[in-house]
Asker: 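Submitted below is the structure of interest, expressed as structure tokens.
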Amino acid sequence: MDSLQQRSSTVQEPPGAVNAYRPTPPPAWQPRTDPAPLLPDAEPLRVLGTDAVADADPALLLRLYAELIRGRRYNTQATALTKQGRLAVYPSTTGQEACEIAAALALEERDWLFPSYRDTLAAVARGLDPVQALTLLRGDWHTGYDPHEHRIAPLCTPLATQLPHAVGLAHAARLKGDDVVALAMVGDGGTSEGDFHEALNFAAVWQAPVVFFVQNNGFAISVPLAKQTAAPSLAHKAVGYGMPGRLVDGNDAIAVHQVLTEAVARARRGGGPTLVEAVTYRIDAHTNADDATRYRAAGEVETWKAHDPILILERELTERGLLDEDGRRAAAEAAETMAAELRERMNADPVLDPMELFSHVYAEQTTQLREQAAQLRAELEAEGEA
């Protein structure tokens with residue numbers, strides 16, 4: 001035992017270490033990065049209701065409003081489809097539409113969006129067919145769309161695993177000389193996953209052109225943020241990796257768009273990654289399979305409804321004379337037309353080919369897959385003969 005202790009002591013305390021001990025690092029130590037410019041503001045950035053809104057583009061404000069109205073209707077229609085058995089599950093973004101829409105509009109066509117399973121609305125706002133965006137959630141055929149065609153990665157159900165993928169794509173694009181930025185979306189629950197930390201570290205070290213967008217909606221299913229982290233904010237986590245952290249009011253559509261647009265532009269010109277935290281709220285339950293009344297009070301939800309992203313933007317547009325009753329009606333009618341088409345197409349039973357189970361698994365099928373395919377084909381043929 002004495003010999004083991006001696007060897008352990010030798011490893012931990014080289015000869016002369018006790019006499020040489022200093023309570024502070026040696027003078028040669030210097031921080032690798034000045035932390036001050038990386039720190040987020042003490043309060044989330046707001047534009048609506050402040051003097052800064054005077055500089056906002058009226059056309060952009062009206063577009064954000066129309067997309068928010070459409071997005072809210074999309075959420076309610078998709079939720080209804082779960083009750084009708086047309087969707088297996090739907091994670092609603094009601095109350096978070098400003099984050100979803102701003103994320104889509106902040107990107108150029110050549111950029112990539114890396115969504116989580118909750119970000120179907122962001123994919124639709126980027127131009128994806130609403131039915132294709134819901135295909136995965138109805139348990140039908142892979143992702144439902146071609147990621148390369150739309151520059152939208154597959155909707156990611158495992159928490160935060162899309163973040164390292166976004167870093168890899170962004171880093172590869174920079175090495176190739178492609179002018180591409182990746183925007184990766186994640187919820188507050190995803191920031192507790194190892195993939196989140198690994199992605200931020202690699203992105204900062206490589207100075208990859210990627211933006212990490214955290215939608216802090218208050219709960220990871222039933223777990224409140226206070227039980228996940230003791231950090232001042234999730235945006236503060238950026239400093240530990242050497243990238244800027246930005247904090248924004250996630251229900252202020254123009255503020256979110258401004259912050260994300262600035263982060264995307266910074267990444268595109270070689271400034272490296274940014275972590276953006278949008279403080280918002282999940283009005284609906286985690287999914288249609290969740291009972292949110294078991295872990296949060298109705299009064300809390302009602303308080304956040306008063307800060308609804310549609311209401312605060314509509315109020316601003318009305319006060320500035322940019323929106324009247326005809327404008328509200330036109331936005332609502334366009335949203336209803338989208339919902340009616342979505343409802344009609346989702347009510348049609350898809351024609352499924354069981355043999356597609358083996359498509360797009362590997363570029364070249366393995367021996368095991370070929371054997372399984374042959375077995376299924378034989379079973380289907382026997383069933384048809386019967």
Asker: Considering all heavy atoms of both residues, which atom of L68 and which atom of P309 are nearest to each other, and what is their separation?
Answerer: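 Smallest interatomic distance, heavy atoms only, reads CD1-O, 3.9 Å.
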Asker: Compare all side-chain heavy atoms of E341 with those of E344 and state whether any distance is below 4.5 angstrom.
Answerer: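 No, too far: nothing below the 4.5 Å cut-off.
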Asker: Find the distance between CG (L81) and CG (N347) and round it off to the nearest 0.5 Å.
Answerer: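 One gets 6.5 Å once the value is rounded to the nearest 0.5 Å.
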Asker: To check you understand the geometry: which heavy-atom pair defines the closest contact between A255 and L45, and what is its length?
Answerer: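 Minimum heavy-atom contact is CB-O, 3.8 Å.
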Asker: Under a 3.5 Å distance rule, please check whether D252 uses its side chain to pair with a backbone N or O of L48 as donor and acceptor.
Answerer: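 Such a contact is found between D252 side chain and L48 backbone.
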Asker: Working to the nearest 0.5 Å, report the span between CH2 of W304 and CD of Q96.
Answerer: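 Here the interatomic distance stands at 10.0 Å.
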Asker: Below 30° counts as parallel, above 60° as perpendicular, anything between as tilted: where do the rings of H197 and Y241 land?
Answerer: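 Tilted.
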Asker: Do other residues, nucleotides or ligands put more than 12 heavy atoms under 6.0 Å from the CZ atom of R86?
Answerer: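 Correct, the count exceeds 12.
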Asker: For the side chain of N75 and the backbone of T93, is there at least one donor-acceptor N/O pair under 3.5 Å apart?
Answerer: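 A pair under 3.5 Å: yes.
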Asker: Just verifying a value: how many Å separate T191 OG1 and L159 CG, rounded to the nearest 0.5 Å?
Answerer: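 That separation rounds to 10.0 Å.
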Asker: Without swapping roles, check the side chain of R328 against the backbone of E314 for a donor-acceptor pair under 3.5 Å.
Answerer: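 Answer holds: no.
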Asker: With a sphere of 6.0 Å drawn around CG of D291, does it hold more than 12 non-hydrogen atoms of other residues, nucleotides or ligands?
Answerer: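 Enclosed: over 12 neighbouring heavy atoms sit under 6.0 Å from CG of D291.
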Asker: Should R266 and E262 be marked as a side chain to side chain contact (heavy atoms under 4.5 Å, CB included) after you check the CA-CA gap, both sets of side-chain angles, and the distance that decides it?
Answerer: CA-CA 6 Å; R266 178 179 180 273; E262 290 171 355; over 6 Å; no
Asker: Looking at every heavy atom in both A199 and V167, which two are closest together, and how far apart are they?
Answerer: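 What the structure gives for the nearest pair is O-CG2, 3.5 Å.
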Asker: How close do L113 and M185 get, counting heavy atoms only, and between which atoms?
Answerer: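 L113 and M185 have their closest heavy atoms at CD1-SD, 3.8 Å.
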Asker: Determine yes or no for a side-chain-to-main-chain donor-acceptor pair under 3.5 angstrom, with D188 supplying the side chain and L225 the backbone.
Answerer: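 Flag not set: sc D188 to bb L225 has no pair under 3.5 Å.
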Asker: A side-chain contact here means heavy atoms from C-beta on lying under 4.5 Å apart; do T135 and Y145 qualify?
Answerer: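 Contact flag for T135/Y145 side chains = no.
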Asker: Hey, are T318 and R315 close enough side-chain-wise for a donor-acceptor pair under 3.5 Å?
Answerer: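 There is no such pair between these side chains.
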Asker: Same cluster or not: are I310 and L323 linked, directly or through other Ile, Leu, Val, Met, Phe, Trp or Tyr residues, by side-chain heavy atoms under 4.5 angstrom apart?
Answerer: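 Yes; L323 is reachable from I310 via cluster members.
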Asker: Would you please classify the geometry between the H171 ring and the W206 ring as parallel, tilted or perpendicular, with 30° and 60° separating the classes?
Answerer: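 The rings of W206 and H171 lie parallel, inter-plane angle below 30°.
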Asker: Keeping the roles fixed (side chain from D249, backbone from P44), state whether a donor-acceptor pair exists under 3.5 Å.
Answerer: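 No, D249 side chain to P44 backbone: no donor-acceptor pair under 3.5 Å.
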Asker: Can you confirm whether M346 sits close enough to L87 that some side-chain heavy atom of one is under 4.5 Å from a side-chain heavy atom of the other?
Answerer: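 Sidechains of L87 and M346: in contact.
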Asker: Would you please test R151 and V180 for side chain to side chain contact (heavy atoms under 4.5 Å, CB included) and show each step?
Answerer: CA-CA 10 Å; R151 298 296 179 107; V180 169; 4.3 Å; yes
Asker: Honestly curious: do L275 and L260 fall in one hydrophobic cluster under the side-chain, below-4.5 Å linking rule?
Answerer: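 No: no chain of side-chain contacts under 4.5 Å links L275 to L260.
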Asker: Side chains of L38 and M243: closer than 4.5 Å at any heavy-atom pair?
Answerer: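 Counting from C-beta outward, L38 and M243 never come under 4.5 Å.
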Asker: What pairs meet the side-chain hydrogen bond (donor to acceptor under 3.5 Å, both in side chains) rule with one or both residues in residues 103-117, with sequence neighbours excluded?
Answerer: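 Pairs touching residues 103-117 that pass the test: R110-D179, D111-R268, S116-D119.
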Asker: Any side-chain to backbone donor/acceptor pair from Q365 onto F358? Under 3.5 Å, distance only.
Answerer: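 Between the backbone of F358 and the side chain of Q365 there is a qualifying donor-acceptor contact (under 3.5 Å).
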Asker: Could you tell me which non-hydrogen atom of R296 sits nearest to which non-hydrogen atom of A285, and how far apart they are?
Answerer: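 Smallest interatomic distance, heavy atoms only, reads NH2-N, 4.2 Å.
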Asker: When rounded to the nearest 0.5 angstrom, what is the spacing between CG in L134 and CG in D129?
Answerer: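 Answer rounded to 0.5 Å: 9.0 Å.
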Asker: Are Y295 and V301 in one and the same hydrophobic cluster, where Ile, Leu, Val, Met, Phe, Trp and Tyr link if side-chain heavy atoms are under 4.5 Å apart?
Answerer: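 Looking at the clustering, V301 is in the same group as Y295.
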Asker: Say you draw a straight line from CD1 of I254 to CD1 of I312; how long is it, rounded to the nearest 0.5 Å?
Answerer: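 Between atom CD1 of I254 and atom CD1 of I312 there are 11.5 Å.
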Asker: Between Q258 (side chain) and V256 (backbone), is there a donor-acceptor pair under 3.5 Å?
Answerer: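 Checking the backbone N and O of V256 against the side chain of Q258, no donor-acceptor pair under 3.5 Å is found.
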Asker: Examine distances only and state if a side-chain atom of Q162 and a backbone atom of A184 form a donor-acceptor pair shorter than 3.5 Å.
Answerer: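 Checked: no pair found.
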Asker: Closest heavy-atom contact between V264 and V181?
Answerer: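 V264 and V181 have their closest heavy atoms at O-CG2, 3.8 Å.
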Asker: Between R282 (side chain only) and G95 (backbone N and O only), is there a donor and an acceptor less than 3.5 Å apart?
Answerer: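 Checked: no pair found.
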Asker: Just so I know, are the side chains of L342 and V131 near enough to count as touching, which here means a heavy-atom distance under 4.5 Å?
Answerer: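 They are in contact (side-chain heavy atoms under 4.5 Å apart), so the answer is yes.
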Asker: Report yes if the side chains of H286 and R118 come closer than 4.5 Å at any heavy-atom pair, otherwise no.
Answerer: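 A side-chain contact exists here, since the closest heavy-atom pair is under 4.5 Å.
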Asker: About how many Å separate CG of L169 and CZ of R174, when rounded to the nearest 0.5 Å?
Answerer: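 Taking CZ in R174 and CG in L169, the distance rounds to 13.0 Å.
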Asker: Decide if atom CD of E43 counts as having more than 12 heavy atoms of other residues, nucleotides or ligands within a radius under 6.0 Å.
Answerer: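 Atom CD in E43 is not crowded, with 12 or fewer foreign heavy atoms closer than 6.0 Å.
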Asker: Go through the steps for L322 and Y65 under the test side chain to side chain contact (heavy atoms under 4.5 Å, CB included), then give the verdict.
Answerer: CA-CA 11 Å; L322 298 173; Y65 176 76; over 6 Å; no
Asker: V186, L107: one ILVMFWY side-chain cluster at the under-4.5 Å cut-off?
Answerer: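 No, V186 and L107 fall in different hydrophobic clusters.
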Asker: Determine yes or no for a side-chain-to-main-chain donor-acceptor pair under 3.5 angstrom, with Q215 supplying the side chain and A278 the backbone.
Answerer: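 No, because the side chain of Q215 does not come within donor-acceptor range (under 3.5 Å) of the backbone of A278.
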Asker: Could you walk me through whether N217 and T280 pass the side-chain hydrogen bond (donor to acceptor under 3.5 Å, both in side chains) check?
Answerer: CA-CA 5 Å; N217 65 17; T280 183; over 6 Å; no
Asker: Do the side chains of D326 and R329 get close enough for a salt bridge, i.e. N-O under 4.0 angstrom?
Answerer: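 Yes, this pair counts.
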Asker: Hey, quick one: are I101 and V53 part of the same hydrophobic cluster, counting side-chain heavy atoms closer than 4.5 Å, chains of contacts allowed?
Answerer: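 Same cluster: I101 reaches V53 through Ile, Leu, Val, Met, Phe, Trp or Tyr contacts under 4.5 Å.
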Asker: Give a yes-or-no answer on whether the side chains of E300 and Y281 include a donor-acceptor pair shorter than 3.5 Å.
Answerer: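 Yes.
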Asker: Please examine the side chains of T94 and R72, heavy atoms only from C-beta on, and report whether any two atoms are closer than 4.5 Å.
Answerer: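 They are in side-chain contact.
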Asker: Can you list the steps and then say if R70 with V124 is a side chain to side chain contact (heavy atoms under 4.5 Å, CB included)?
Answerer: CA-CA 10 Å; R70 190 171 79 121; V124 171; 3.9 Å; yes
Asker: Can you tell if the side chain of M338 reaches within under 4.5 Å of the side chain of Q77, non-hydrogen atoms only?
Answerer: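 They are not in contact (no side-chain heavy atoms under 4.5 Å apart), so the answer is no.
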Asker: Among all residues two or more places apart in sequence or in another chain, which pass the side-chain hydrogen bond (donor to acceptor under 3.5 Å, both in side chains) test with R370?
Answerer: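 Testing R370 for side-chain hydrogen bond (donor to acceptor under 3.5 Å, both in side chains), a comparison that skips the adjacent residues, returns T367.
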Asker: For atom CD of Q84, is the number of surrounding heavy atoms from other residues, nucleotides or ligands below 6.0 Å larger than 12?
Answerer: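 Atom CD in Q84 is crowded, with more than 12 foreign heavy atoms closer than 6.0 Å.
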